[in-house]
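Contents: one structure, followed by commentary.
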Amino acid sequence: MSVVDADIPPQPEPNPDTVGFWEATEEGQLALCRCDQCGTWLHPPLERCRRCGGPTSYQPVSGEGAVHSFIVMHRASVPGMGAVPYAIVLIDLDDAPGARVTGRIAEAAPAEVAVGARVRARVVGVPGGPFHQPEFVLA
Amino acid sequence: MTCALVGIGRTEYYRNSGRTTLAMATEACRGALADAGVDARDVDGMLTYQANDSATPLEVSWALGLDELAWANAMVGGGNLVADCIATAAAVIEAGMCRAVLVYRSLNGRSGLRFGTVDGPVRVGGEWQFSAPHGFLVPPQWIAMWAQRHMAVYGSTNEDLGHIAITQRAHAGPNPHAVARQPITMDDYLAGRWVNEPFRVFDCAFEVDGSVAVLVVGEELAADTAKAPIWIVGSANSQSGAGWVEWDDLTCMYSRTVAPRLWNRTGLGPSDMDVALMYDCFTYTVMATMEDFGFCAKGEVGDFFAEGKATYGGDVVVNPHGGLLSEGYLHGLNHHVEAVEQLRGTAGERQVLDARLALVTAGAGPYGGANVLSAERP
């Protein structure tokens, strides 16, 4: 982690393995790394598949899924997060089995969030920089 | 194994030490040597684990007056490496590379780098780059996410976690080293502020500044130390790269693999343990690992604590020093220090009657390890 100079959320530092994720979100699309050979979803992304060693590429996913678990933030432990409380969810994506992603819940109070709840992703900007990321709304 | 823990040392545990990690490590190491009655010049190996937040073995050995070491290493990581540090020290001795290895941890964990918060704006690479931008970045969040899943699958409750915190706080009461000794009730627990739901402040380790050290030696030196040696019966680790987000079953931890490995290696089981030093960065870590090590069935840890099975007169005394929750977050190495005190029979008011065998665990989530220690030579 290195320091940036404003009260903004942590900014991602893409690398050659992960840049495809951020390029997709810039286009408003959620895409995850997948093995071209055996189809394994790889998140965090890898240059080569951890199962078969095959080449990988970024494949779009629908962003629909279910809440695997969640937490509710009642105070800021990370800068730039705005008003509390808010829920952070861990999502099982329907079309990327074996890969999970995290995000904030939008347009719903934390009390409405439950394990197993259906969600869909939408891509929004990360304040303070050029990046975009998924957040989730209850479906 | 044929090695023993023969000396323990520690500094005071502070909220703001005003000291360097080098000064504190040196004091703890000198303490361990004096406790063992071993001369510093007999130490030829030194090992620590750290997160770029501490003095190195070379600095500490120099401060101890040693001109060189036959072996030195600083593992990069956290509590998951504690059991491995002790076992690696023993393995290095058994391999004939050293005679005596000091294992230490020194950190300004409260006044310096804290693991529970991010103080300033940052750029984050690696696996956390995906969740850092929405504020999912620090350990209390990761493990609370796991705890919530356990609640959904097994019906465990906030009160179940509370019983763990309450029991350990009661244990800390007579411990002069503990930083949090005031007893708490369930009402106190439930009135504690949220850190991040489902964790309240009492679910989280009490961060401190300080240092502890343990001297590990082979049987030759162990034959002539000031106090009875405490022997390493066996050790097991499981270090996975699955990560906190992708780990398949959040209701189990590394211990699902370590427990059978350790019990098979030692021929022992949970019912043989008099004391269990369970790594407790958070209450949920105790819950998941108690289940994995076989002390109770899934979903029954809350009752196990509520019914007194985890305290004096119960099945096994869990964290008689108060643990990281109440003694202080010396990053887990203080669990080995307490195991030595208990197995020597020198734990004073908190002594577990006839303690002969101790389980010492270290780590959480996808990575960790555990040792079994014994008052008798295995």
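Sequence lines set the chain letters: A, B, ... in the order given, protein chains first and strands last, and positions in each chain run from 1. Side-chain atoms are counted along with the backbone in the values below, which use heavy atoms only and exclude waters and symmetry mates.
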Query raised in the report: Checking heavy atoms, do the side chain of A/Pro14, its backbone, both or neither come under 4.5 Å from chain B?
Result: both

Requested in this report: Select one option (side chain, backbone, both, neither) describing which atoms of B/Val195 are under 4.5 Å from chain A's heavy atoms.
Outcome: both

Query raised in the report: Is there a side chain to side chain contact (heavy atoms under 4.5 Å, CB included) between A/Ile71 and B/Phe136 once you walk through the steps?
Result: CA-CA 10 Å; A/Ile71 60 173; B/Phe136 188 63; 4.0 Å; yes

Report task. Considering only heavy atoms and a distance below 4.5 Å, find which of A/Pro45, A/Gly80, A/Pro134, A/Pro127 pairs most often with chain B. Result -> A/Pro45

Query - Residue selection (most heavy-atom pairs with chain A, distance under 4.5 Å) from B/Trp146, B/Trp128, B/Trp247 - result: B/Trp247

Query - Beyond-backbone contact of A/His74 with B/Glu197, side-chain heavy atoms, under 4.5 angstrom - result: yes

Requested in this report: Nearest 0.5 Å please: distance from the CD atom of B/Gln148 over to the NE2 atom of A/His68.
Outcome: 11.5 Å

Query raised in the report: For atom CZ of A/Arg120, is the number of surrounding heavy atoms from other residues, nucleotides or ligands below 6.0 Å larger than 12?
Result: no

Query - Heavy-atom pair with the smallest gap, counting every atom of B/Met145 and A/Ile88 - result: CE-O, 3.6 Å

Query raised in the report: Going by atom types alone, do A/Glu135 and B/His134 pair a side-chain donor with an acceptor below 3.5 Å?
Result: no

Query raised in the report: Roughly how far, to the nearest 0.5 Å, is the CG atom of A/Asp17 from the CD atom of B/Gln129?
Result: 9.0 Å

Query raised in the report: Which bit of A/Val89 is near chain B, if near means a heavy-atom gap under 4.5 Å: side chain, backbone, both or neither?
Result: backbone

Report task. Heavy-atom pairs under 4.5 Å with chain B are the metric here; pick the option from A/Arg50, A/Gln133, A/Met73 that has the most. Result -> A/Gln133

Query - CG-CD distance between A/Leu42 and B/Glu246, expressed to the nearest 0.5 angstrom - result: 9.5 Å

**Report entry** Engaged part of A/Phe21 at the chain B interface, taking heavy atoms whose separation is under 4.5 Å
**Finding:** side chain

Query raised in the report: Is the count of non-hydrogen atoms from other residues, nucleotides or ligands lying under 6.0 Å from A/Arg122 atom CZ greater than 12?
Result: yes

Query raised in the report: About how many Å separate CG of B/Asn196 and CZ of A/Phe70, when rounded to the nearest 0.5 Å?
Result: 12.0 Å

Report summary line: Heavy-atom nearest pair, B/Gly135 first then A/Val78, reads O-CG2, 3.6 Å

Report task. Step through the shown structure and confirm whether more than 12 heavy atoms of other residues, nucleotides or ligands are within 6.0 Å of CG on B/Asn52. Result -> no

Query raised in the report: By a 4.5 Å heavy-atom criterion (distance strictly below it), what part of B/Trp142 contacts chain A: side chain, backbone, both, or neither?
Result: neither

Query raised in the report: Between atom CZ of B/Arg149 and atom CG of A/Leu90, what is the distance when rounded to the nearest 0.5 Å?
Result: 8.5 Å

Report task. Begin with the C-alpha distance, continue with both residues' side-chain angles, and end with the deciding distance and a verdict on side chain to side chain contact (heavy atoms under 4.5 Å, CB included) for A/Arg100 and B/Leu250. Result -> CA-CA 12 Å; A/Arg100 291 196 204 108; B/Leu250 309 188; 4.0 Å; yes

Requested in this report: Taking all non-hydrogen atoms of both residues into account, name the closest pair between B/Pro133 and A/Pro9 and its distance.
Outcome: O-CB, 3.6 Å

Query raised in the report: Which one, B/Glu127, B/Arg193, B/His150, leads in non-hydrogen pairs under 4.5 Å with chain A?
Result: B/Arg193

Report task. Using the side chain to side chain contact (heavy atoms under 4.5 Å, CB included) rule, take A/Val115 and B/Met151 through it: C-alpha gap first, then chi angles, then the decisive distance, then the call. Result -> CA-CA 10 Å; A/Val115 171; B/Met151 290 175 168; over 6 Å; no

Report task. Assess whether atom CD of A/Glu47 is packed by more than 12 heavy atoms of other residues, nucleotides or ligands within 6.0 Å. Result -> no

